[in-house]
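Start at 1 and go down the list; that is how both ligands and their atoms are numbered.
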Amino acid sequence: MSEFDGAPSIKVTSVSKVYPGGKKALTDVSFEVESGSFVVLLGPSGSGKSTLIRCIAGLERVSEGKIQFDSKTVSSKDLHIKSEERELSMVFQDYALWPHMTALDNVAFALRRRSLPKSQRKTLATSMLDRMGLMHLADRYPQELSGGEQQRVALARALVARPGLMLFDEPLSNLDADLRERLRVEISTLTREVGATALYITHDQSEAFALADYVGVLDRGRLVQLDRPEELYAKPKTPFVARFTGLAGDLPAVVDSVDLSRHVVSTLDGCAWLSASSNVTLQKGEKVRMLIRAAAVKMAALAVSGVNPQRGTLSGTVSDVAFRGIGYEHVVEVSDGYRLSGIFSDLRHSRGTGVLLSFDPEGCILFPEKSEGASSVTLDNKSLKTDETRLEVSPSLP
Ligand code: ADP
């Protein structure tokens, strides 16, 4: 009987990883994954995602800290349980099927360590291929399959043994957009169907939000936030998290006043009532960066809006427009050098059209200008017209 029957919880405590040669890929990473939950680790290339999942898989040793499955330590500085003994399945970016085996044999091979007769292994593998609509490919070799088919065979192989822990290393990144979407849904439903604990890494924010019960964001080897997707989106802890989870853009501003009910900030050329994020304490006179979610911006043509440009709005000019099926996404130049992108409207506003933008306070997040990663453009040559324009901002939430 396995030591890890059922879906294990995972506890990562203060894990650091230094590769031979001195490259520090992980610094003091700690988090917990509940049994049966689906956690996605999100971060740009080089942020340490693969290193972390490989440490959890037992493919890399940790330099400091420890990893536990349930209460059993599987990795520490002095202890390393081999990957084969961790009772997990892993799906890789490059499929990693055995080239000399058919699709069916690849899937059946995953059951080799079960004490089952060969015929029963084949029966289980066949039914998993059937479940995934792959029966017609059972006798093909990997080189006779497309990338998407290979990845679905790899997924069948990972699932057939009904592992307690499933690890996914960017499994969709080599596939085209349509296939990626379909396979994402299969991964989500099948993994939850077998009740496994799942850890999935990606650099794609929309994939992370679509799949995860919880999303963790890695920045240069550190886990900066782990939260429900909704929480991460509404209350990013750092400007990096906000940027990496999708922004229309950001604008410089200055805090005019802070009171119990709201902060008022001055910005480029308008006024709006906007919310600050919950973990920021702002002082009057402080330079801030206003990070704006695209979904928080509404646009109207300047001529028909009837809105006073001085109150709650910014004026701008459309510099690009893209058809997105259910409507149009616009890039709007709000002041020289400052632009907001991904602004959605049912109507097409042509390039060069003057527009007014209004803002949902919940999607406008303030960070002090000096916080790490807050600035994306230099402010030096852009003076703020503070007496012309005021943005009024709701208070930090408790
Ligand atoms: P990600 O998966 O987020 O792209 P990685 O975990 O692959 O990030 O890499 C994190 C950092 O560790 C990078 O700077 C990378 O160059 C470095 N790195 C990864 N693998 C090795 C290795 N085997 N030896 C030395 N440095 C490595």
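- The closest approach between any non-hydrogen atom of Gly43 and ligand 1 is not below 4.0 Å.
- For atom 26 (N) of ligand 1, the closest heavy atom belonging to the protein is Tyr19 CD1, 3.4 Å.
- Taking every non-hydrogen atom of Pro44 and a distance limit under 4.0 Å, the qualifying atoms of ligand 1 come out as 3 (O).
- Between Arg157 and Trp98, some side-chain heavy-atom pair lies under the 4.5 Å cut-off.
- With Gly221, Ser50, Gly46 as candidates, the residue nearest to atom 11 (C) of ligand 1 on a non-hydrogen basis is Gly46.
- Atom 12 (O) of ligand 1 has Ala25 CB, 3.5 Å as its closest protein atom, hydrogens excluded (heavy atom only).
- Of the protein's non-hydrogen atoms, the one nearest atom 5 (P) of ligand 1 is Thr51 OG1, 3.7 Å.
- The protein reaches atom 3 (O) of ligand 1 closely, with a heavy atom under 4.0 angstrom from it.
- A salt bridge links Asp250 with Arg243: the distance from a Lys NZ or Arg NE/NH1/NH2 to an Asp or Glu carboxylate oxygen falls below 4.0 Å.
- Counting only heavy atoms from C-beta outward, the side chains of Thr202 and Phe168 never approach each other to under 4.5 Å.
- Using a cut-off of 4.0 Å between Lys/Arg side-chain N and Asp/Glu carboxylate O, Arg180 and Asp176 are scored as not salt-bridged.
- Residue Glu144 qualifies as enclosed at atom CD: its count of foreign heavy atoms under 6.0 Å is above 12.
- Under the 4.0 Å distance rule, the nearest protein heavy atom to atom 19 (C) of ligand 1 falls inside the cut-off.
- Side chain to side chain, Asp213 and Ser37 fail the donor-acceptor criterion of an N or O pair below 3.5 Å.
- Of all atoms in ligand 1, numbered sequentially from 1 with element shown, those under 4.0 Å from a heavy atom of Lys49 are 1 (P), 2 (O), 3 (O), 4 (O), 6 (O), 8 (O).
- Near Ser47, with a cut-off below 4.0 Å to any heavy atom, the atoms of ligand 1 are 1 (P), 3 (O), 8 (O).
- For ligand 1, the polar-atom distance check against Pro20 finds no nitrogen or oxygen pair separated by under 3.5 Å.
- Between Met290 and Ile365, the closest side-chain pair of non-hydrogen atoms is not below 4.5 Å.
- Counting only N and O atoms by type, the side chains of Glu207 and Tyr200 include a donor and acceptor under 3.5 Å apart.
- At a 3.5 angstrom cut-off on N or O pairs, Glu60 does not count as close to ligand 1.
- Looking at heavy atoms from C-beta onward, Phe323 lies out of side-chain contact with Val321 at the 4.5 angstrom threshold.
- Comparing Lys23, Arg220, Arg54 by heavy-atom distance to atom 17 (C) of ligand 1, the nearest is Lys23.
- Residue Gly48 has at least one nitrogen or oxygen atom sitting less than 3.5 Å from a nitrogen or oxygen atom of ligand 1, judged on distance alone.
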